[in-house]
Amino acid sequence: MAETHGLMERLEKAVTRLESLFSDSHGSGGMECDAINGVNGSIAPYVEAFDRLLNGSVAEFLRYSKILEGDVKTHAEMVRAAFQAQRSFLVLASQCQEPQEVRKVTYRFKRQWHLEACFQCYWHGTSPKPGPYVKEMNDAATFYTNRVLKDYKHSDARHVDWVKSYLNIWSDLQAYIKEHHTTGLTWSKTGPVASPMSMRSVLTSGSCLSPPLPPPPPPPGPPPIFDTETVKDEGNASRSALFAQLNQGEAITKGLRHVSDDQKTHKNPSLRAQCPSVRSPTKSHTPSPTSPKNSQQQIHAPVLELEGKKWRVEYQEDKNDLVINNTELKQVAYIFKCNKSTLQIKGKINSITIDNCKKFGLVFDNVVGIVEVINSRDIQIQVMGKVPTISINKTEGCHIYLSEESLDCEIVSAKSSEMNILIPQDGDYKEFPVPEQFKTAWDGSKLVTEPAEIVG
């Protein structure tokens, strides 16, 4: 948490430095970049459009993050500071012409991985097509936002609103880039040329660097001194006393007290009645695994809907007529906890994920990305068109029917069993099992792994 607060302070200092730099440039006419697109006192149209983005989707995201508080609120402050710094850089670009050495400017930060969460904001350093860069980073973030939706979809709507507001930022940013910076950051055509030193000062100023490390702790004191001789003598005395008691022979029982019959529970029924009953740890007393508390399972309503760019197919039971039509290339399908059901996806789609399903059948036309099967059992997949990759993880029983067009498909499997690939031959399908057992040997320079052949 201390590192997060330190990072926030550095980002705030960077924004303050940028704002003071631009205020000084407007106040003193001698500094370079004293005009905006050649017109004094005006604001570039793409800066005004960026302000609308800040006041729209970014402000909405900050509002939802403030409600959730904690680390989410801290991360939102980092995003806000990054967008403020980006706005200052856009103002600089609207004032000055692009320097020839701008491509050589690099960005190095201590704790750079802390900034990866905000690196979608780095589109201004990407060319010639910054829009696809933002889209790729948005798709990468979708993997984690799907986890948030999975955990809070039916329990806390605030997290769902937060995910939507976060993804809206990057959708609006893509639209903004497409309109104003299609092939890269738009620099001024009439202003003075920005110097590389000022560029580096703006982006990697000293205020953004980490504070000096604290001095090392003082060396530890001398180790405690143990009187090993005293410890050794005490141990020998205790051991000798123990052996002396054991060597008493028949006299060892002289210290025991005689117990009369009226004090024995097995001979005195009244004593047995006074003692509480103690259950023996036998199998008959163990709690039943099918107790009412464990057997109660939360019942979810079945879902088949398009949410943004994702088709959600969840909690379907005994449904064999599920169909998804009107698909688009940018859409994905997520199938979760569907049992004894069949789904058909028509058209071309980006990717399909089957998670925690049992006895489920999938038929699809074309997939441009990957089809994933995770934590499932008894899955059947039929490919009508093409698919480049099918991944099978932690799954028991998976049959894949390939088409003539998809014979070049790659099958990637891990921690799975009972996998079979069916290849069309002479109007029928021929079944080929996927190896589950492997043999690894050292060939002198590297490990070589190949499927093991069972001989019997």
Side-chain angles (χ1 to χ4, degrees), residues 3-26 31-33 36 43-44 46-62 65-66 73-96 98-99 102-103 105-127 130 133-134 137-138 141 166 169-170 172-174 176-177 180-181 184-188 191 194-211:
E3 292 185 356
T4 305
H5 288 300
L7 180 61
M8 286 296 306
E9 293 178 359
R10 289 158 51 203
L11 289 173
E12 291 288 352
K13 290 179 181 179
V15 174
T16 304
R17 179 180 175 87
L18 289 171
E19 292 175 349
S20 62
L21 176 64
F22 296 127
S23 62
D24 293 342
S25 66
H26 289 301
M31 293 187 67
E32 65 173 356
C33 305
I36 301 177
I43 299 178
Y46 63 74
V47 177
E48 293 180 346
F50 194 79
D51 288 338
R52 290 192 293 271
L53 186 147
L54 294 179
N55 297 328
S57 54
V58 175
E60 182 183 11
F61 167 72
L62 295 176
S65 300
K66 186 176 181 181
K73 180 180 177 181
T74 304
H75 169 266
E77 291 298 325
M78 296 169 58
V79 174
R80 182 193 65 81
F83 270 98
Q84 290 293 339
Q86 185 180 149
R87 183 194 183 278
S88 301
F89 189 80
L90 291 176
V91 174
L92 174 66
S94 67
Q95 293 176 342
C96 307
E98 180 181 13
V102 68
R103 296 291 183 267
V105 177
T106 57
Y107 310 95
R108 292 290 182 266
F109 302 95
K110 291 184 179 180
R111 305 185 185 96
Q112 182 167 345
W113 299 118
H114 291 69
L115 302 179
E116 289 292 341
C118 307
F119 253 35
Q120 287 152 308
C121 304
Y122 179 63
W123 61 268
H124 58 269
T126 306
S127 63
Y133 169 79
V134 175
M137 299 301 293
N138 186 24
Y166 183 73
I169 293 178
W170 313 119
D172 295 345
L173 183 59
Q174 291 180 48
Y176 166 80
I177 294 173
H180 299 282
H181 309 278
L185 179 62
T186 303
W187 291 77
S188 174
S195 64
M197 188 59 64
S198 64
M199 290 279 296
R200 188 175 290 104
S201 175
V202 167
L203 294 175
T204 59
S205 60
S207 61
C208 293
L209 297 178
S210 299

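Applying the salt bridge (charged side-chain N to carboxylate O under 4.0 Å, His left out) rule to D172 yields no partners; only residues at least two apart in sequence or on another chain are considered. Scored by the side-chain contact (heavy atoms from CB on, under 4.5 Å) test, A49 finds R52, Y176, H180 as partners (sequence neighbours excluded).
Aromatic ring pairs are classed by plane angle as parallel below 30°, tilted from 30° to 60° and perpendicular above 60°; the pair F61 and Y166 is tilted.
Taking NZ of K73 as the reference point, atom CZ of R80 lies at 11.5 Å (rounded to 0.5 Å). The structure places CG of D51 at 12.0 Å from OH of Y46, a figure rounded to the nearest 0.5 Å. Atom CH2 of W170 is separated from atom CD of Q174 by 10.5 Å, given to the nearest 0.5 angstrom. Taking CD1 of I169 as the start and CG of L62 as the end, the distance is 7.0 Å to the nearest 0.5 Å.
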